Amino acid sequence: MPSEFTQDVIKIIQNIPVGKVLTYGKIAKLAGNPRAARQVSWLLHSSTKKYNLPWHRVINSKGKIALKSEDGKDYQKILLEKEGIKFVDNNKVDLKKYLWDIDSIVNIKGNFNL
DNA sequence: AACCTGACGAAGA
DNA sequence: TTCTTCGCCAGGT
């Protein structure tokens, strides 16, 4: 039985719009624990299939892809480009432009049953 | 209960 | 700007 925090993280990720991204830290904060970014990463790598998550829309605070292997990075980059996201210097995205500004949405928790 | 893990992140150097 | 170091968290063993 996943903790409430984990359940919220899952829901938030599932609701990231096409063409938008969120960072590990932002997700953790939205789920109620600003310092649990590492747990978000753990979840992605262990439960992506189980919860059918759009894992490619989650990147790090620098706007870069967090996967380790080069193959993985290329794959994620392709998935994001297919959604219209442009890369700067061939390895990072403009967060000002593509970060899902969930904070500006009123009553977000109600809208997504968090 | 103890210990280990990771696709993190902020702060220093 | 890149590389360390260190703190954090929930699951898994």
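Below, chains carry the letters A, B, ... as their sequence lines are ordered, and counting in each starts from 1. Keep in mind the model is a prediction, meaning the values are calculated, not measured.
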- Query: chain A on DNA chain C: first and last contacting nucleotide, 5' to 3', under 4.0 Å to a heavy atom?
  - Reply: dG7(C) to dG12(C)
Figure out the [atom1]/[atom2] separation between [X] and [N], and round it to whole Å.
{"X": "Tyr24(A)", "N": "dA10(B)", "atom1": "OH", "atom2": "P", "result": "14 Å"}
{"X": "Lys64(A)", "N": "dA10(B)", "atom1": "NZ", "atom2": "P", "result": "15 Å"}
{"X": "Phe5(A)", "N": "dC8(B)", "atom1": "CZ", "atom2": "C1'", "result": "11 Å"}
{"X": "Ile59(A)", "N": "dA7(B)", "atom1": "CD1", "atom2": "C1'", "result": "12 Å"}
{"X": "Ile27(A)", "N": "dG6(B)", "atom1": "CD1", "atom2": "C1'", "result": "15 Å"}
{"X": "Leu22(A)", "N": "dA7(B)", "atom1": "CG", "atom2": "C1'", "result": "15 Å"}

- Message: Any side-chain to backbone donor/acceptor pair from Thr6(A) onto Pro2(A)? Under 3.5 Å, distance only.
- Response: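 Here the side-chain-to-backbone pair does not exist.
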- Query: So, the side chain of Asp89(A) versus the backbone of Asn91(A): is there a donor-acceptor pair under 3.5 Å, distance only?
  - Reply: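 Flag not set: sc Asp89(A) to bb Asn91(A) has no pair under 3.5 Å.
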Throw together a table of side-chain donor-acceptor distances under 3.5 angstrom for residues 77-87 of chain A, partners on residues two or more places apart or in other chains.
unit_1, atom_1, unit_2, atom_2, d
Lys77(A), NZ, Asn90(A), O, 3.4
Lys77(A), NZ, Asn90(A), OD1, 2.7
Glu83(A), OE1, Gly19(A), N, 3.1
Glu83(A), OE1, Arg57(A), NE, 3.0
Glu83(A), OE2, His56(A), NE2, 2.9
Glu83(A), OE2, Arg57(A), NE, 3.2
Glu83(A), OE2, Arg57(A), NH2, 2.8

- Task: May I ask you to verify if any side-chain N or O of Thr23(A) is less than 4.0 angstrom from the OP1 or OP2 atom of dC8(B)?
- Result: no
- Return the 5'-most residue of the pair Arg38(A), Asn60(A) with respect to DNA chain B, ranking by each residue's nearest nucleotide.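 Comparing both residues, the 5'-ward one is Arg38(A).
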- How many angstroms lie between atom CD of Gln39(A) and atom CG of Asn33(A), to the nearest 0.5 angstrom? 9.5 Å
Atom pairs, N/O to N/O, protein against nucleotides 11-13 of chain B, distance under 3.5 Å?
none

- Message: Let's see if you get this right: which residues in residues 40-52 of chain A place a heavy atom under 4.0 Å from DNA chain C?
- Response: Trp42(A)
All N/O donor-acceptor pairs, side-chain side in residues 58-73 of chain A, below 3.5 Å, sequence neighbours left out:
unit_1, atom_1, unit_2, atom_2, d
Asn60(A), OD1, Lys62(A), N, 2.9
Asn60(A), OD1, Gly63(A), N, 3.1
Asn60(A), OD1, Lys64(A), N, 3.0
Ser69(A), OG, Gly72(A), N, 2.9

- Message: Please give me every residue in residues 65-82 of chain A whose heavy atoms get under 4.0 Å of an atom in DNA chain B, ordered by residue number.
- Response: Ala66(A), Leu67(A), Lys68(A)
